[in-house]
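If you're wondering where the values come from, they're calculated on a predicted model, not measured in any experiment. In what follows, chains are A, B, ... by sequence order, proteins preceding strands, each numbered from 1.
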Number of protein chains: 2
Amino acid sequence: MATTIRQVAEAAGVSIATASRALSGSDAVVPATKDRVLRVAAALDYTPSRLARGLVTGTTGNIGLIFPDITNPFYTSFLAEVESLVGAHDLGIVIGDSHEDPDREYALVRQMSTQVDRLVLTSSRLTDEQIVAAAGRLPIVLANRRLGDDMAMPPRLSQMVIDVDAGFTAAVTHLYKLGHRRLTYLDGPARSWSARQKRAVLTRVCGELGLNLTIVGIERPDFTAGLAAGTDLDLDQATAVLAFNDQVALGVLAALRARGIDVPGRISVIGCDDSLPDGLAWPALSTVDSSSRALGALAAAAVLDPESKQNGSVPTRLIVRRSTARAAVDLNPREEKTPEPS
Amino acid sequence: MATTIRQVAEAAGVSIATASRALSGSDAVVPATKDRVLRVAAALDYTPSRLARGLVTGTTGNIGLIFPDITNPFYTSFLAEVESLVGAHDLGIVIGDSHEDPDREYALVRQMSTQVDRLVLTSSRLTDEQIVAAAGRLPIVLANRRLGDDMAMPPRLSQMVIDVDAGFTAAVTHLYKLGHRRLTYLDGPARSWSARQKRAVLTRVCGELGLNLTIVGIERPDFTAGLAAGTDLDLDQATAVLAFNDQVALGVLAALRARGIDVPGRISVIGCDDSLPDGLAWPALSTVDSSSRALGALAAAAVLDPESKQNGSVPTRLIVRRSTARAAVDLNPREEKTPEPS
DNA sequence: CTGGTGAATGAAATCGTTTACATTCACCTT
DNA sequence: AAGGTGAATGTAAACGATTTCATTCACCAG
């Protein structure tokens, strides 16, 4: 059906080889014939088959992207960023959604490995061993995940992470200085590497400062889960809430508003990502800036330039807006069960 | 680098053809050899090249999706729906973003046509002629767009649209019954077919009922644009606002809240899509339900079953929540410039 | 005038599969 | 016992490009 280079060659009265050379542009072919070939190709609306080209050159002109859940705005904005950077280079983009299932993720890796040049795994749920195996097939960019320190780092593997340390430390410190002593953290997906990172930082910093930390797990880090968590939130348990991401924080805000609980008067809320357009949250949400777009930019750079450095990290910092304020209650309620005489 | 079927065949001591037959499973091959081939293939971690397979069979096992702007939640949820329906069939998904540029869109169509079996164009910005040309290359599913009635409908072209008529008619009627006589509509992208549809319905219905309609164009139908529009909104001009989509409506709500203007007491707001999770908007947003997920489901069905019917449409209806109420001001201010004696 | 040089083009191999067709061989029928 | 049948497997052509190597041919130097 579609026109092939053979038809172009015949119509132009040249051999297939010459047609190919004229179309690729680079090789030596006399201007007259080159023009003729190009004109004929245009007239026939010829488009080279990327399949055939890929088979012989060994490079497909595609890059692959795998997500645990494309529904999550974190990944869609990551995708948007990668697309805008990578799409400009005439590269095709193949995507896959593992639905949080490691087996499905590995199946996608195999399937894609035969039709993309490089593969970006976001928040991969694979084991370190599986990731190393994947890197044996084709160059891999790991986004939002790092191999364990004990793993030998294979060549053709890049790692791009968000360094939550600074941001989360600042968030806890900020709350501490405002007089908060009891903090509830709404945790992310159990299998997620980044959730583990955040939890670790929080636990450490809270320990150091002597804050009481309650970790509550949620199924999926989205608005609905935040709404539920905010509805169930025990106000005697904490004076501040830190959420895995802004979506969850937004849900908490909505729940508290529905319950008539003042933020930040009665309780402080901090999100993570800085993913919300200005004015969407009410009150404006204090957040740990850890943009997935920035991560996407890093991943895109790694994909485009295979020689670029293999490890990257995007820094985080605390952005204070209106959802945090001085704690309204006593500082150490556990040790002072009975109200102090004032 | 990667293992080929030839290596599998050699290791199993059979010909390439037999290996191929054993792996495809269907053809006649004696169980003993079949087992041997499969075992060897597994041991070698063999994955068939989709490129080579596609070249000879003429079918790639991929479907393509092209969006005008993947940043827009309308398309990401469309994508999510298509993925979940199509991804289960071991089909690969190739995406492209035209960034609202028809030339880029057509370039994507050409590029993809050589590596996907079917192509879904969402809210295509191409001309009818270009779309027909595309359908000459490969089967096309048009989503959120319909060819002009004067165009001959080519085979291999399906059209899936959202029928906004019912929903928008109901929305205007609803406002009318509440006493509203002046309505501002925040319009979508100029090139968009669906924006044209919505505008046409609104103009007609407002004309019939005698409502005064002000149409204000916005650059991009997102929260930020809605915020700006809400900030600029002239309260003397309208007692109700209808937005192209929920994102814009959300922006309007935020702007009005910031201005201290009561919704729905002072002004009513209606969105479109029903895309917001319960509780996100405050007050809960009345909206015309026209889900992009439903559209995605329709498109996925069309892609999966080429024999399915070529035209589909998802119905719309009005969902009344808390952002609309009786108009607080006089009914026909234009004709009654001076206040009536009470 | 002849042999060498280099530019333009063509012939053919190649990439990794599938598949139409050819071959082998055991077994059944007559 | 011979010929026919059909199942299992092998051979080779194809898919549409790129690329290596060979060929042609004009032109220039000796």
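Within a 6.0 Å radius of CG in B/Asp149, no more than 12 heavy atoms belonging to other residues, nucleotides or ligands are found.
A tilted orientation is assigned to the rings of B/Phe67 and B/Tyr75, their planes being inclined by 30° to 60°.
Residues A/Pro31 and B/Arg53 each lie close to DNA chain C; by heavy-atom proximity, the contact nearer the 5' end of the strand is made by A/Pro31. Nearest-nucleotide positions on DNA chain D place B/Ile16 closer to the 5' end than the other of A/Pro48 and B/Ile16.
Comparing atom distances between the B/Ala17 side chain and each of D/dA8, C/dA12, D/dT11 picks out D/dT11 as nearest. Side-chain proximity of B/Val30 to the nucleotides D/dA14, C/dT14, D/dT9 is greatest for D/dT9.
B/Ser77 places a side-chain heavy atom less than 4.5 Å from the side chain of B/Ser292.
Residue B/Leu51 is out of contact with every strand shown, counting any heavy-atom pair closer than 4.0 Å. At a threshold of 4.0 angstrom between heavy atoms, the contacts of B/Thr4 are confined to the sugar-phosphate backbone, with no base atom among them. Among the atoms of the strands shown, none is found under 4.0 Å from any heavy atom of B/Thr59. Among the protein residues, A/Arg21 comes within range of the nucleic acid bases, having at least one heavy atom under 4.0 Å from a base atom. Across all strands shown, B/Thr57 has heavy atoms under 4.0 Å from sugar-phosphate atoms exclusively, and none from any base. Heavy atoms of B/Thr33 sit under 4.0 angstrom from primed sugar atoms or phosphate atoms, though from no base atom.
Closest approach of B/Leu304 and B/Leu85 over heavy atoms only: CD1-O, 3.8 Å. The minimum heavy-atom distance linking A/Pro68 with A/Asp97 is given by the pair O-OD1, 3.2 Å.
In this entry the distance linking CG of A/Leu55 with P of C/dA13 reads 17 Å, nearest Å. Atom OH of B/Tyr46 and atom P of C/dT18 are 6 Å apart (whole Å). We find that CZ of A/Arg6 is positioned 14 Å from C1' of D/dT18, with the value rounded to whole Å. Nucleotide D/dT9 holds its P atom 14 Å from the CG atom of B/Leu23, rounded to whole Å. C/dT19 atom P lies 11 Å from atom CD1 of B/Ile5, rounded to whole Å. In this structure, CZ of A/Arg137 is placed 14 Å from P of C/dG16, rounded to the nearest angstrom. A/Arg36 places its CZ atom 14 Å from the P atom of C/dA8, with the value rounded to the nearest Å.
Annotation: the terminal axes of the helix from C/dC1-D/dG30 to C/dT30-D/dA1 meet at 60°, where each axis is the rotation carrying the C1' atoms of four end pairs onto the next four (5 pairs per end, rounded to 10°).
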Problem - Candidate pair A/Arg145 and A/Asp128, rule salt bridge (Lys or Arg N to Asp or Glu O under 4.0 Å), full reasoning - result: CA-CA 10 Å; A/Arg145 163 84 184 257; A/Asp128 284 4; 2.7 Å; yes
Exercise for the section: Evaluate the side chain to side chain contact (heavy atoms under 4.5 Å, CB included) criterion for residues B/Val29 and B/Val37: first the C-alpha distance (whole Å), next the side-chain angles of each, then the deciding distance (0.1 Å), finally the verdict. Expected result: CA-CA 10 Å; B/Val29 49; B/Val37 171; over 6 Å; no
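Interface residues of residues 106-115 of chain A facing DNA chain D, ordered by number: none; criterion, heavy-atom separation under 4.0 Å.
In this structure, A/Ser15 reaches the C/dG10 phosphate: one of its side-chain N or O atoms is under 4.0 Å from OP1 or OP2. In this structure, B/Ser49 does not reach the C/dT17 phosphate: none of its side-chain N or O atoms is under 4.0 Å from OP1 or OP2.
Side chain of A/Gln115 to backbone of A/Asn62: no donor-acceptor contact under 3.5 angstrom is found. The closest donor-acceptor contact from the side chain of B/Glu105 to the backbone of B/Arg125 lies under 3.5 Å.
Side-chain atoms of B/Thr47 and A/Arg137 form a donor-acceptor pair, as typed in the model, at a separation below 3.5 Å.
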